[in-house]
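Counting starts at 1 for both ligands and their atoms, in listed order. Sequential numbering from 1 along the given sequence is applied to the chain's residues.
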Amino acid sequence: MSQISKGMLRRRGFLTQSAAALAATIAGPAFVRASTLRKQLQVAAIGVNGMGWSDLSNVGSHPAVKFVAFCDIDQKAFEKADAAFPGVPHFQDYRELLTKLGNQLDAVIVSTPDHMHAPVAMLAMQAGKHVYCQKPLTHTVWEARQLQRMAEKSGVTTQMGNQIHSAREYRLGVKLIQDGAIGKVREVHSWVGVQGRQYCQRTDRPPEAPVPAGVNWDLWLGAAPARPFAADCYHPFKWRDWQAFGSGALGDFGCHILDPVFGALGIRHPGSILAENGGTTEEVWPGPETVTWEFPGTDHTTGSIKVVWRDGGLKPPADLAALPEGRQLPAAGSLFIGEAGKMILPHVGMPQLYPAEKFDSYKLPDVQGSSHWHDWVDAALAGKKTTDGFDYAGPLTETVQLGNIAARLPGQKIDWDAKNLQCSVPAAEKLLTKEYRAGFEVKAV
Ligand SMILES: NC(=O)c1ccc[n+]([C@@H]2O[C@H](COP(=O)([O-])OP(=O)(O)OC[C@H]3O[C@@H](n4cnc5c(N)ncnc54)[C@H](O)[C@@H]3O)[C@@H](O)[C@H]2O)c1
């Protein structure tokens with residue numbers, strides 16, 4: 001790693017003292033409850049509205065789950081969770097929750113905005129808790145590597161919240177490629193309709209507005225540099241546009257749509273990244289973009305492989321797909337180009353094999369889907385790993401966030417040394433990590 005990154009890491013090492021001290025005060029790891037663990041999983045949900053509601057209702061439908069705490073920075077967020085699971089204690093600050101309830105807790109769900117995934121998930125794993133964490137696993141490349149290391153070191157059961165990973169459609173797409181239905185794969189094109197900035201319709205900071213009653217803005221900011229609250233621009237949902245909090249269209253959909261590409265091909269770390277877009281400011285993510293990664297070859301590719309991402313209305317050129325008359329590319333998904341055919345895997349849709357006449361009578365393998373949330377609970381109870389643990393989700397998220405680094409330096413090809421977390425472009429290397437506000441640091445592992 002270069003001097004710049006070493007300096008940043010040293011500074012972070014200093015800053016993490018307070019987070020480390022906090023971790024030391026959090027009561028005992030999950031194994032202290034080993035005797036009851038196989039019967040019941042005591043879970044805290046952190047971020048309970050939006051996707052948090054979906055996560056907690058799906059995890060909570062597992063008969064072995066008991067919620068012991070709900071945590072949200074917005075007092076109004078608890079309504080649905082309380083109606084479905086009455087009597088569960090409320091917290092606003094995840095650090096207080098982990099400190100006070102550490103002994104009663106086996107697992108946490110992290111469904112906050114992206115910039116707070118790593119601070120919460122790291123603290124939970126340091127305390128020995130199993131973690132289900134929303135996608136993208138982290139806000140930076142460095143954080144993804146640290147969470148992966150901590151998951152391995154702690155031995156807890158982890159799962160990233162890209163739930164379509166466990167759906168029949170994506171599993172079938174992965175199996176078809178691995179069965180060699182279209183032969184070895186030459187290149188992949190993935191796309192989504194949304195673009196990096198579209199929810200706030202601005203490229204500069206919005207005007208300050210009063211913080212709504214019941215919202216703890218300081219806790220919402222968490223690790224991010226302080227800035228005033230603004231109406232209808234950050235909390236809820238619209239934080240996605242902003243580099244300080246979200247991860248743009250690539251971060252929002254990359255961990256979904258690129259997941260079966262990773263799963264099918266067995267790729268892990270790209271060797272280079274190049275992004276093209278119309279430019280951006282330091283505040284928001286770019287508009288329509290193309291990001292190209294080159295990966296080393298695997299058993300399922302013809303050689304080193306190019307994966308191309310497009311968003312904001314850009315799609316692969318029509319001649320690449322060469323679809324039959326009257327067929328169109330789906331709104332979002334991936335096109336796998338193999339030596340013996342092509343496969344389109346729509347985002348949450350059944351795979352389509354081409355040329356159609358060649359695959360007319362192709363017998364699809366019998367593949368079933370399952371509940372991504374219940375799979376995590378079952379694995380945690382059994383002390384096992386999931387298929388989407390941080391060992392898998394880490395490199396997938398690193399790849400997505402490397403794309404977001406390239407997106408801020410359009411037109412510059414970045415060579416990536418994954419082993420040493422090193423970029424060929426110094427400006428890119430600075431973006432591997434970020435500064436943390438005191439009290440919300442992420443510990444280097
Ligand atoms: N897997 C999926 O299909 C899917 C879909 C949507 C969102 N997501 C992911 O889920 C996460 C949340 O997205 P969203 O759209 O629900 O956002 P949101 O802003 O609508 O909801 C976030 C919730 O977390 C709460 N919150 C914010 N900061 C918090 C903190 N520090 N501590 C505790 N609670 C906090 C908010 O009050 C809100 O209730 C993001 O990482 C997003 O990428 C995943």
Seminar exercise, completed: the protein heavy atom lying closest to atom 12 (C) of ligand 1 turns out to be Ser111 O, 3.3 Å
Exercise. Could you go step by step and tell me if Ile164 and Asp259 meet the side chain to side chain contact (heavy atoms under 4.5 Å, CB included) rule?
Worked result: CA-CA 9 Å; Ile164 305 142; Asp259 163 39; 6.0 Å; no
Exercise. Under 30°, 30 to 60°, or over 60°: which ring-plane class applies to His62 and His374, parallel, tilted or perpendicular?
Worked result: perpendicular
Exercise. What atoms in ligand 1 come closer than 4.0 Å to a heavy atom of Ala77?
Worked result: 39 (O)
For this session: Starting from atom 21 (O) of ligand 1, locate the nearest protein heavy atom and write down its residue, its atom name and how far away it is, to 0.1 Å.
Result: Asn49 O, 3.8 Å
Seminar exercise, completed: Rounded to the nearest 0.5 angstrom, the CZ-OG distance for Arg171 and Ser370 is 3.5 Å
Seminar exercise, completed: Atoms of ligand 1 under 4.0 Å from any heavy atom of Gly50, numbered from 1 in the order shown, are 16 (O)
Problem set entry | Test of ring centre spacing under 6.0 Å for Phe237 and Tyr199 | yes
For this session: On the 0 to 90° scale, with breaks at 30° and 60°, tag the Phe85-Phe70 ring pair as parallel, tilted or perpendicular.
Result: perpendicular
Exercise. Which heavy atom in Gln422 sits nearest to a heavy atom in Trp416, and how many Å separate them?
Worked result: O-CE3, 3.3 Å
For this session: Would you tell me which option among Gln134, His372, Gln75 has the nearest heavy-atom contact to atom 10 (O) of ligand 1?
Result: Gln134
Exercise. Based purely on interatomic distance, does Gln163 place a nitrogen or oxygen under 3.5 Å from a nitrogen or oxygen of ligand 1?
Worked result: yes
Seminar exercise, completed: When distances are taken from atom 30 (C) of ligand 1, the protein heavy atom at minimum range is Ile73 CG2, 3.5 Å
For this session: Give the numbers and elements of all ligand 1 atoms closer than 4.0 Å to a heavy atom of Asp74.
Result: 37 (O)
Exercise. Mind checking whether Trp239 and Tyr234 have ring centres under 6.0 Å apart?
Worked result: no
For this session: Check each atom of ligand 1 against the heavy atoms of Gly161 and keep those under 4.0 Å away; list them by number with element.
Result: 1 (N)
Exercise. Which pair of non-hydrogen atoms, one from Asn277 and one from Pro288, has the smallest distance, and what is that distance?
Worked result: CB-O, 3.5 Å
Problem set entry | ring pair (Phe, Tyr, Trp, His ring centres under 6.0 Å): pairs with one or both residues in residues 98-121, sequence neighbours excluded | His115-Trp220, His115-Phe245
Exercise. Under 3.5 Å between some N or O of ligand 1 and some N or O of Gln92?
Worked result: no
Exercise. Is ligand 1 under 4.0 Å from a heavy atom in the side chain of Trp239, in the backbone, in both, or in neither?
Worked result: side chain
Exercise. Numbering the atoms of ligand 1 from 1, which are under 4.0 Å from a heavy atom of Trp220?
Worked result: 27 (C), 28 (N)
Exercise. Would you say Lys80 has more than 12 foreign heavy atoms packed within less than 6.0 Å of its NZ?
Worked result: yes
Seminar exercise, completed: For Leu402 and Pro270, the nearest pair of non-hydrogen atoms, with its separation, is CD1-CG, 4.0 Å
Problem set entry | Asp114 side chain vs His139 backbone, donor-acceptor pair below 3.5 Å | no
Exercise. At their closest point, which heavy atom of Pro119 faces which heavy atom of Tyr94, and how far apart are they?
Worked result: CB-OH, 3.7 Å
For this session: Among residues two or more places apart or on two chains, list those pairs meeting ring pair (Phe, Tyr, Trp, His ring centres under 6.0 Å) that have a residue in residues 149-170.
Result: His165-His372, His165-Tyr392
Exercise. Is any N or O atom of Phe237, backbone or side chain, closer than 3.5 Å to an N or O atom of ligand 1?
Worked result: yes
Exercise. If you round to the nearest 0.5 Å, how far is CZ of Phe262 from OG1 of Thr397?
Worked result: 9.0 Å
Exercise. Would you say ligand 1 has an N or O under 3.5 Å from any N or O of Asn162?
Worked result: no
Seminar exercise, completed: Among non-hydrogen protein atoms, atom 6 (C) of ligand 1 lies closest to Arg240 NH2, 3.5 Å
Exercise. Short list, please: which atoms of ligand 1 are under 4.0 Å from a heavy atom of His256?
Worked result: 1 (N), 2 (C), 3 (O)
Seminar exercise, completed: of all protein heavy atoms, closest to atom 37 (O) of ligand 1 is Asp72 OD1, 2.5 Å
Exercise. Do the side-chain N and O atoms of Ser247 and Gln401 include a donor-acceptor pair separated by under 3.5 angstrom?
Worked result: yes
Exercise. Going by distance only, is there an N or O of Lys135 that falls short of 3.5 Å from an N or O of ligand 1?
Worked result: yes
Exercise. Quick one: which of Val48, Leu221, Thr112, Ile46 has a heavy atom closest to atom 11 (C) of ligand 1?
Worked result: Thr112
Seminar exercise, completed: One finds that the ligand 1 atoms under 4.0 Å from a non-hydrogen atom of Pro236 are 19 (O), 20 (O)
Problem set entry | Backbone or side-chain N or O of Met116 under 3.5 Å from ligand 1 N or O | no
Exercise. Of the protein's non-hydrogen atoms, which lies at the shortest distance from atom 24 (O) of ligand 1, and what is that distance?
Worked result: Gly47 CA, 3.4 Å
For this session: Would you mind running through ligand 1 and noting each atom that sits below 4.0 Å from a heavy atom of His117?
Result: 40 (C), 41 (O)
Exercise. Which residue holds the protein heavy atom closest to atom 31 (N) of ligand 1, what is that atom called, and what is the gap in Å?
Worked result: Leu219 O, 3.4 Å
Problem set entry | Shortest protein heavy-atom distance from atom 27 (C) of ligand 1, along with the residue and atom involved | Pro113 CD, 3.2 Å
For this session: Using distance alone, decide if ligand 1 has a nitrogen or oxygen within less than 3.5 Å of any nitrogen or oxygen in Met51.
Result: yes
For this session: Examine the proximity of ligand 1 to Ile164 and report which part, side chain or backbone, both or neither, has a heavy atom under 4.0 Å away.
Result: neither
